[in-house]
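See structure below.
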Amino acid sequence: MSKRKIEIMDTTLRDGEQTSGVSFSATEKLTIAQLLLEELKVDRIEIASTRVSEGEFKAVKGITEWATKKGYLDKVEVLSFVDNGLSVKWMKDTGAKVQNLLTKGSLNHLTYQLKKTPEQHFSEIQKVIKLAENEGIQTNVYLEDWSNGMRNSQEYVYQFLDFLETQAIERVLLPDTLGVLSPEESFEFLSDIRGKYPKMHIDFHAHNDYDLGVSNALEAVKAGVDGLHLTINGMGERAGNAPLASVVAVINDFLPEVKINVNEKALFKVSKLVETFSGFRIPVNKPILGDNVFTQTAGIHADGDSKKNLYFNDLLPERFGRKRKYALGKTSGKANIQKNLQELGLQLNDEDVLKVTQRIIELGDKKEVVTKEDLPYIISDVLDSNIYEERITIESYVLTHSKGLKPSTTVAVKIDGELFEEHAQGDGQFDAFMNALRKVYKHKGLILPKLTDYAVRIPPGSSSDALCETVIRWQIDDKTFKTRGLDSDQTVSAIKATQKMLNMV
Ligand SMILES: CC(C)C(=O)C(=O)O
């Protein structure tokens, strides 16, 4: 049986950028667009709204130039407005070829916001579609507030869809603008429209205000839509859009009769890049993507994994380019410790494993977070043996920070017994420290891993003298890893995390 294809349109660069506090630069947009189309293999991307700013103009132009060379121009879409042709002119100047025209999908919006009649609205839309056609620009039509339109002004929605059937457009885009639909309503409304307009290409655009974005997207596919709009990490206006990773996994696992192009293996990489560029952090328990979601914490789970994979489900981390982890804390038993030791390539006898387990439980009781990277240090401490060969040690440093002068650092580092001292400036104390370290590394022809993420936390509700935790993510070649430092001073906690990294590569 041939599978039904569903188009995935990613709108991270348009609706996703409407996440409060987020703004992508033109270069970031181009990098994300390239990953979305070439690695993640979504079918289409929506990259901006017309007439927003000079920066957006440059971003759209950059992406369309790249897309033209690659033959992807018809996959790149821009949100446009019923504005007497101004959006069409803006798009023409950028070289973009597909407009997603924003129109009103409920009588309330039309009457109270635009203060127009349906006839006036349709005639203005028709004019924009024609202008676009003359410029070789294709049109898809968004019916904003469509979901409320179906609840409160169905007659208007169907009048509108009848009108659109007569127009030279490619797709009708139906948004649950305020994220108000239940899964049952999503199915009912979309099945009804599917039945009445069997030939119309229909996309569904879910928002997540009730946390129902994924369920609504699933029901939309069951109702027969042709495409879904999704975002990386569920970014988007207010509570965001339906998250792409979850919807892809749900479709692949629950709807075997449906086919989508998305490459699951690239999901994590793209998600991390978007997290870094946007500064919008992925919650640790976010399905598929969060730091914790492939981590077994309870000892009984780790034990069961070693016996016939008793605690596995279909969401295997490898599918998404990730690995299963075993947490270290007060509920982790010997099995968790053993799994982590195996990962690190370390071997301990049963008695020592017990001692280390005991220490980890004590630390857990004190609310301390223990990671795999901390394990060698704990082992050294508990067993009084230097399990982790510290080839590289930061012997001493001076950090300066003063008004009107650039921060600077002098650092002394021992590598294989040889001492090196270097001085450097930077944009902040830690940056100066890393620059000095880089100079030291040059003496030995070594390369420092790239810092790809830096997160600082203090325990909630604590005061300025509280302990501060810095978690740094590093990348060298294809390998990424994290280290953690803990100190009452923020820069020192980052230096402690760096010291761990030096001996891990
Ligand atoms: C701007 C429109 C298309 C939108 O994102 C929505 O209605 O959800």
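In each ligand, atom 1 is the first atom listed, and ligand 1 is the first ligand listed. Heavy-atom basis, side chains included; hydrogens, waters and symmetry copies ignored.
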Query raised in the report: Quick one: which of Asp10, Thr11, Asp203 gives a side chain to side chain donor-acceptor pair (under 3.5 Å) with His229?
Result: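 Result for side chain to side chain donor-acceptor pair (under 3.5 Å) with His229: Asp203.
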Query raised in the report: Can you tell me which residue and heavy atom of the protein come closest to atom 6 (C) of ligand 1, and the distance to 0.1 Å?
Result: Thr177 OG1, 3.6 Å
At less than 4.0 angstrom from any non-hydrogen atom of [X], what atoms of ligand 1 do you find?
{"X": "Leu102", "answer": "1 (C), 2 (C), 3 (C)"}
{"X": "Pro175", "answer": "6 (C), 7 (O), 8 (O)"}
{"X": "Glu144", "answer": "7 (O)"}
{"X": "Asp15", "answer": "5 (O)"}

Requested in this report: Would you kindly specify which portion of Gln18 sits under 4.0 Å from ligand 1, judged on non-hydrogen atoms: side chain, backbone, both or neither?
Outcome: neither
Please determine whether a side-chain nitrogen of the Lys or Arg among [X] and [Y] lies less than 4.0 Å from a carboxylate oxygen of the Asp or Glu.
{"X": "Lys272", "Y": "Glu275", "result": "yes"}
{"X": "Arg51", "Y": "Asp83", "result": "yes"}
{"X": "Lys104", "Y": "Glu144", "result": "yes"}
{"X": "Lys325", "Y": "Glu343", "result": "no"}

**Report entry** Flag, side chain of Lys29 to backbone of Val60, donor-acceptor distance under 3.5 Å
**Finding:**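 Here the side-chain-to-backbone pair does not exist.
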**Report entry** Close approach of Arg14 to ligand 1, heavy atoms, under 4.0 angstrom
**Finding:** yes
